[in-house]
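Start at 1 and go down the list; that is how both ligands and their atoms are numbered.
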Amino acid sequence: MGVPPTRPADRAPARPGIPPTRPADRALSRPRRRLPAALAALAALLAVGAGVLVDLATPAPRPADAPADAFSAERAYQNVKVIAARPHVAGSAANDQVREHVVGVLRGLGLETEVQDTVAPEAGQLSGAAGGATLARVRNVVARLPGTDPTGRVFLVAHYDSVQSGPGGNDDAAGTSTVLEVARALAAGPRPRNDVVLVLTDAEEACLCGAAGFAADHPLAADGGVVLNLEARGSTGPVIMFETSRNNAKLVEAFGRAAPHPVGTSFAVEIYRALPNDTDFTAFLDRRFVGLNSAYIDGGAVYHTPLDVPAAMDRGSLQMHGDNALGLAREFGRTDLRDLGSDHDDTYFPVPGGLVRYPGWLTLPLTLVALLAVGALGWLLRRRGRATAGRLAAGAGLALVPVVAAPLGAWLLWTAVTTVRPGYAELLDPYRPVWYRLAVVALAAAILFTWYALTRRWAGPAALAFGGLVWLALFGVLLAVLVPGGAYLTTLPALAGAVAGLAALATRRDGPWPVLAVTLAGAVAVVILLPTVVLLFPALGMGMGGVAALFAVLLGLAALPVVDLLHPQAGGQRGLGALRARRLGALPAGAAALAAVVLAGVGLAVDRFDAAHPVPTHLMYALDAGTGTARWLSHEDDPQPWTDGFVGGKADVSDDFPGLGDGELRAGPAPAASLPAPALELLSDTRSGDQRVLRVRVVPQRPGVRLLSLHVDTSTATVRSATVAGRDVPVKARDGRWGFGVVFHAPPVEGVEVTLTLAPKAGQVNLRAMDASDGLGGLPGFRARPADVGVVGSHSSEMLAVARTYPL
Ligand SMILES: [Zn+2]
């Protein structure tokens with residue numbers, strides 16, 4: 001690229017309505033030394049991007065001999081190893097041992113510690129699947145560090161139980177060990193002003209029942225307070241403060257001030273509210289607590305699987321959890337908790353070195369200002385003769401093309417990858433996702449660059465830059481209406497781009513200022529949108545990589561005037577010169593497309609399934625002890641070869657095993673094991689008028705039963721009310737023959753008493769009892785997995801269910 005000749009075009013008086021005569025006049029900036037300007041702008045944006053990535057990196061884990069008042073990941077990790085030595089699902093003997101360890105650690109710190117042993121209903125909308133009500137016997141560990149002059153209580157919360165399918169090294173031995181290490185650091189220092197209560201909950205995985213039982217029934221919970229909930233949904237990555245209570249302004253202010261690594265965005269809060277996920281935090285929100293919910297979420301391939309072992313943990317993530325939790329515990333331990341109320345949510349997002357936040361009520365005014373600024377830019381571009389009205393309109397229309405094409409391309413790319421490697425279907429994210437993520441970003445870049453190379457010459461750089469800003473501003477309006485906490489993502493880059501454009505028009509086009517202005521606007525877009533792209537990949541998984549691609553392309557559109565510098569000066573050339581210019585313009589597009597293909601190929605080559613990274617499979621066994629028939633069941637849509645050896649076509653099993661929930665599963669015949677169904681003991685049966693009251697006890701007959709269910713055939717009786725283990729439960733109807741049911745997790749060996757008040761429709765009432773344990777190893781016909789075949793992280797993986805109908 002040579003140094004283009006300068007033109008005196010800028011100094012010619014512009015007349016409104018007169019279209020420009022030369023395509024060369026259609027850019028926002030036209031530096032005299034184009035190549036150095038392009039390289040400088042690009043280097044600046046890369047440096048800002050690097051700063052953003054460094055800011056998101058986890059801190060180095062602190063050693064075991066770190067000062068006593070500091071959080072040490074190495075000290076915390078010693079507890080992780082004990083807690084996550086093996087799977088410890090609620091109700092299991094392994095979980096009893098974990099609880100004893102946790103109690104021992106807290107008592108060793110000299111804290112008042114007790115175990116809340118109760119029966120609690122679920123929180124949130126988790127179950128529903130099995131219909132009716134869900135409860136659990138829970139044993140929460142609760143310890144208190146009394147404050148000197150309390151204005152309220154701060155609750156540090158994590159769950160100590162794991163899923164049945166894995167030891168929970170990250171989920172949530174990380175949170176539990178963080179709470180223990182924070183408690184140690186707090187106890188080692190001066191006592192805080194407010195009470196600090198440590199709550200290690202039980203049965204989070206089953207039904208959030210531990211947290212629900214604490215929030216509803218524990219005396220320390222009676223007056224509410226501030227909850228800091230600690231979770232993990234992966235094994236690495238930055239800790240993200242992803243959920244808050246409503247009207248969070250004061251809480252977010254404290255978070256920005258007191259968390260040493262404040263990574264959090266109001267966009268995540270809104271995304272999370274829309275997803276069908278729940279944590280213990282939900283149970284506290286149901287009871288009008290306020291607070292913050294934090295988790296690290298990258299490395300999702302191990303989530304809930306046997307691979308979620310302590311060694312899989314990134315101790316930098318553990319350090320980040322602890323630094324933030326300790327900083328926040330101290331902050332809320334000292335502030336006046338009566339003063340945390342607010343009447344609005346904040347918009348907030350991370351920037352290198354801190355957290356930007358502003359009141360949510362600024363969202364709508366800001367979107368309007370951004371729209372007006374983009375409008376003003378369009379008006380001035382036309383007035384200055386940089387673009388005609390027609391070209392501005394065309395620029396806006398054309399800019400929609402990459403916005404649509406990039407997510408579509410990402411979806412097609414992932415479809416192609418999963419066609420080559422179908423095992424990805426059951427994974428939240430591949431084991432080594434980074435290559436695929438980079439491939440999606442490269443693909444988005446290739447689409448943007450190709451589109452730009454094709455349209456630039458005709459529409460002109462200024463009109464296309466304007467078009468990109470139009471969509472950013474319009475997305476801002478859309479987000480402001482649908483997810484206000486995310487409106488900043490496109491509103492602020494649109495505003496910065498429009499202001500930069502206006503500034504560029506106010507100065508000499510061939511001077512340094514236009515380049516500086518568009519580079520600054522590009523930097524704003526990088527700071528705001530790059531963390532979003534980086535964090536959306538682990539948050540949503542590769543299956544929804546299109547969302548990250550969308551934000552990547554929006555980032556590209558916001559930085560379009562900088563992208564333009566990479567191209568030869570628009571227009572001006574004729575003949576061979578024009579041809580060469582077009583070839584050069586196609587260079588970035590070609591390079592990005594090649595990178596996308598190569599990166600996807602590297603991903604496929606590097607991320608193969610092997611013994612350390614097994615392909616996940618799902619299998620259950622369900623026995624009808626009444627008929628003596630059994631089935632293998634799998635929720636895999638397109639079964640892996642190993643699973644294929646057990647199951648065939650889809651079947652609806654909700655009539656036989658209502659406790660497994662609705663929906664079709666793959667099913668295949670299995671040899672019947674001689675295992676007993678739970679017994680149903682009739683304690684009393686009273687009839688008065690049209691009413692019949694049945695009091696029964698459901699008693700597991702096998703060791704290791706994780707859950708029990710009891711369903712009523714509603715063609716034989718209508719359920720008017722029900723009591724389970726002394727608790728009234730809501731009578732919710734479910735579809736199908738078994739129109740009412742209860743599920744009880746972690747049942748005691750002596751069984752669970754259920755009282756049903758019925759309006760009989762027939763002479764006898766049919767009840768169906770089911771229980772479930774974990775592990776298929778000893779079953780007839782079971783063939784062990786080869787080394788490179790693993791277990792899906794799911795609440796029903798390796799479940800063994802036995803059911804029977806009892807007519808009464
Ligand atoms: Zn979990």
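Aromatic ring pairs are classed by plane angle as parallel below 30°, tilted from 30° to 60° and perpendicular above 60°; the pair Phe284 and Phe214 is tilted.
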Worked verdict on Tyr296 versus Met320 for side-chain contact (heavy atoms from CB on, under 4.5 Å): CA-CA 9 Å; Tyr296 55 89; Met320 192 165 172; over 6 Å; no
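Within the 2.8 Å limit, His304 places at least one N, O or S atom next to the Zn ion (ligand 1). At least one N/O/S atom of Asp171, whether from backbone or side chain, sits less than 2.8 Å from the Zn ion (ligand 1). With a cut-off of 2.8 Å, the Zn ion (ligand 1) has no N, O or S atom of Glu231 in range.
The N, O or S atom of Glu205 with the smallest distance to the Zn ion (ligand 1) is OE2.
Side-chain atoms of His618 and Ser796 form a donor-acceptor pair, as typed in the model, at a separation below 3.5 Å.
Judged by distance alone, the side chain of Asp202 and the main-chain N or O of Arg139 form a donor-acceptor pair under 3.5 Å.
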